[in-house]
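Below is one structure, written out as structure tokens; comments come after it.
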Amino acid sequence: MQCPCQPQSISGGFVEECWEWDVNAKSPAVQLSPCRRAVYFHIDPILQSEGFNHGEHYWEIKFLEPPYGTSVMVGAGTKQVLLHIGNYKFINMLGMDSESWGLSYKGTIWHGGQSRQYTEPFYEKATIIGVDLNLYDGTMAFYKNGHNLGVAFTGLNKVGVPLYPIVCSTTAETELQLGMRCCRFMSLQEQCLYTVLQHLVDKVHIDTLPLPAFIRGQLKEF
């Protein structure tokens with residue numbers, strides 16, 4: 001099965017997103033390219049700037065160099081995820097506690113400090129890992145080079161707080177490129193709320209919008 005939104009034409013109700021990595025949600029050991037889509041690691045994770053409460057979201061991470069070392073991971077987590085560990089400990093940071101869910105290049109998935117084998121390891125340069133976060137079903141599935149690897153995690157619709165795309169690495173000079181980003185909403189109301197929010201710099205400006213109070217309240221919760 002191919003990834004839910006195709007590279008050449010977004011399909012199946014998916015629309016393109018244009019989020020970037022958050023320059024303020026990273027450790028000093030992480031560097032961003034000027035476009036904020038390429039990330040260069042020593043160690044530690046980095047989050048994107050806005051979390052997801054609703055809808056189905058798909059994004060891709062391209063490994064610009066072959067992964068190696070203790071841990072290179074992709075996944076998602078809450079705003080409470082640990083962004084820095086002192087003394088440069090080499091561990092699987094995504095999934096080390098209940099605040100994040102991650103896939104290691106070694107083929108294991110992690111959450112709550114527990115792991116299990118999920119797929120074959122991937123060591124190749126230019127491998128593309130897709131993440132499908134479906135907050136209707138509460139599932140997270142991963143794709144490798146466009147092929148569905150199956151559901152990795154469930155119950156994500158019960159977390160109760162926004163979830164943020166995250167990548168992390170314990171290996172010096174790891175280079176990861178943010179690729180396709182798209183989303184799908186089941187109702188026209190959700191699509192409209194999402195479109196309005198995409199044109200706001202920050203949610204603090206919601207009260208300045210010439211909209212009914214009920215709609216402004218929905219935007220704050222979306």
Side-chain angles (χ1 to χ4, degrees), residues 1-4 21 26-27 29-30 39-48 52 56-78 80-135 137-159 163-180:
M1 183 183 295
Q2 292 183 320
C3 60
W21 297 120
K26 68 179 186 66
S27 81
V30 178
V39 56
Y40 309 93
F41 284 95
H42 179 53
I43 64 170
D44 300 335
I46 182 169
L47 285 71
Q48 77 110 334
F52 303 134
E56 182 178 3
H57 302 266
Y58 177 83
W59 63 95
E60 292 182 340
I61 304 295
K62 182 176 182 179
F63 287 70
L64 300 180
E65 298 293 337
Y68 69 96
T70 302
S71 178
V72 183
M73 305 185 75
V74 301
T78 73
Q80 302 306 313
V81 68
L82 190 62
L83 291 178
H84 179 68
I85 293 181
N87 300 322
Y88 296 113
K89 295 179 180 179
F90 299 103
I91 62 173
N92 292 291
M93 289 187 69
L94 285 187
M96 64 179 292
D97 57 23
S98 62
E99 301 296 333
S100 58
W101 298 255
L103 167 66
S104 164
Y105 81 96
K106 296 180 179 179
T108 53
I109 52 175
W110 288 77
H111 175 64
Q114 302 295 316
S115 69
R116 68 176 176 87
Q117 198 66 34
Y118 168 72
T119 187
E120 295 295 321
F122 45 94
Y123 300 106
E124 303 85 0
K125 179 179 179 179
T127 297
I128 296 176
I129 299 298
V131 186
D132 183 19
L133 175 61
N134 189 329
L135 292 174
D137 298 336
T139 59
M140 183 187 296
F142 295 96
Y143 290 72
K144 178 184 176 183
N145 297 328
H147 297 287
N148 191 350
L149 300 177
V151 172
F153 302 107
T154 60
L156 295 174
N157 52 345
K158 300 177 182 178
V159 175
L163 295 176
Y164 298 77
I166 308 175
V167 292
C168 71
S169 174
T170 61
T171 304
E173 300 182 1
T174 299
E175 298 183 35
L176 302 175
Q177 174 75 47
L178 180 61
M180 182 192 303

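Smallest separation of non-hydrogen atoms from Ala152 and Ile109: O-CD1, 3.4 Å. Between Leu64 and Lys125 the shortest heavy-atom distance is O-CE, 3.1 Å. The two atoms that bring Trp110 and Thr108 nearest to each other are NE1-OG1, 3.1 Å, heavy atoms only. Contact detail for Gly95 and Ser100: the closest heavy-atom pair is N-OG, 2.7 Å. The minimum heavy-atom distance linking Val72 with Ser169 is given by the pair CG2-OG, 3.6 Å.
Between Phe122 and Phe63, a ring centre-to-centre spacing shorter than 6.0 Å is recorded.
To the nearest 0.5 Å, the span separating CD on Glu99 from CD1 on Ile166 amounts to 9.5 Å. Between the NE2 atom of His147 and the OG1 atom of Thr119 there is a distance of 11.5 Å, given to the nearest 0.5 Å. In this structure, Leu94 CG and His111 NE2 are separated by 12.0 Å, a value rounded to the nearest 0.5 Å. Note that CD1 of Ile129 and CD1 of Ile61 are 9.5 Å apart. Values are rounded to the nearest 0.5 Å. The CD atom of Glu124 sits 13.5 Å away from the CD atom of Glu65 when rounded to the nearest 0.5 Å. Distance check, rounded to the nearest 0.5 Å: CE of Met140 to CG of Leu163 gives 6.5 Å.
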Show the numbers, then the answer: is there a side-chain contact (heavy atoms from CB on, under 4.5 Å) between Met180 and Tyr58?
CA-CA 8 Å; Met180 182 192 303; Tyr58 177 83; 4.0 Å; yes
Decide side-chain contact (heavy atoms from CB on, under 4.5 Å) for Thr127 and Asn145; before the verdict, give the C-alpha distance in whole Å, the side-chain angles of both, and the deciding distance to 0.1 Å.
CA-CA 6 Å; Thr127 297; Asn145 297 328; 4.2 Å; yes
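Checked options Asp132, Leu149, Val131; the residue passing with Tyr143 is Asp132 (criterion: side-chain contact (heavy atoms from CB on, under 4.5 Å)).
Ring orientation note: the planes of Tyr118 and Phe142 are nearly perpendicular, at an angle over 60° on the 30°/60° scale.
No side-chain donor-acceptor contact under 3.5 Å links Glu175 to the backbone of Lys62. Side-chain N or O atoms of His57 include none that pairs as donor or acceptor with a backbone N or O of Asn134 at under 3.5 Å.
Side-chain contact check for Tyr105 versus Pro66: every heavy-atom pair is 4.5 Å or farther apart. Using a 4.5 Å heavy-atom cutoff, the side chains of Val159 and Trp101 are in contact.
With sequence neighbours left out, the side-chain hydrogen bond (donor to acceptor under 3.5 Å, both in side chains) criterion links Asn157 to no other residue.
More than 12 heavy atoms of other residues, nucleotides or ligands sit less than 6.0 Å from atom CD of Gln117.
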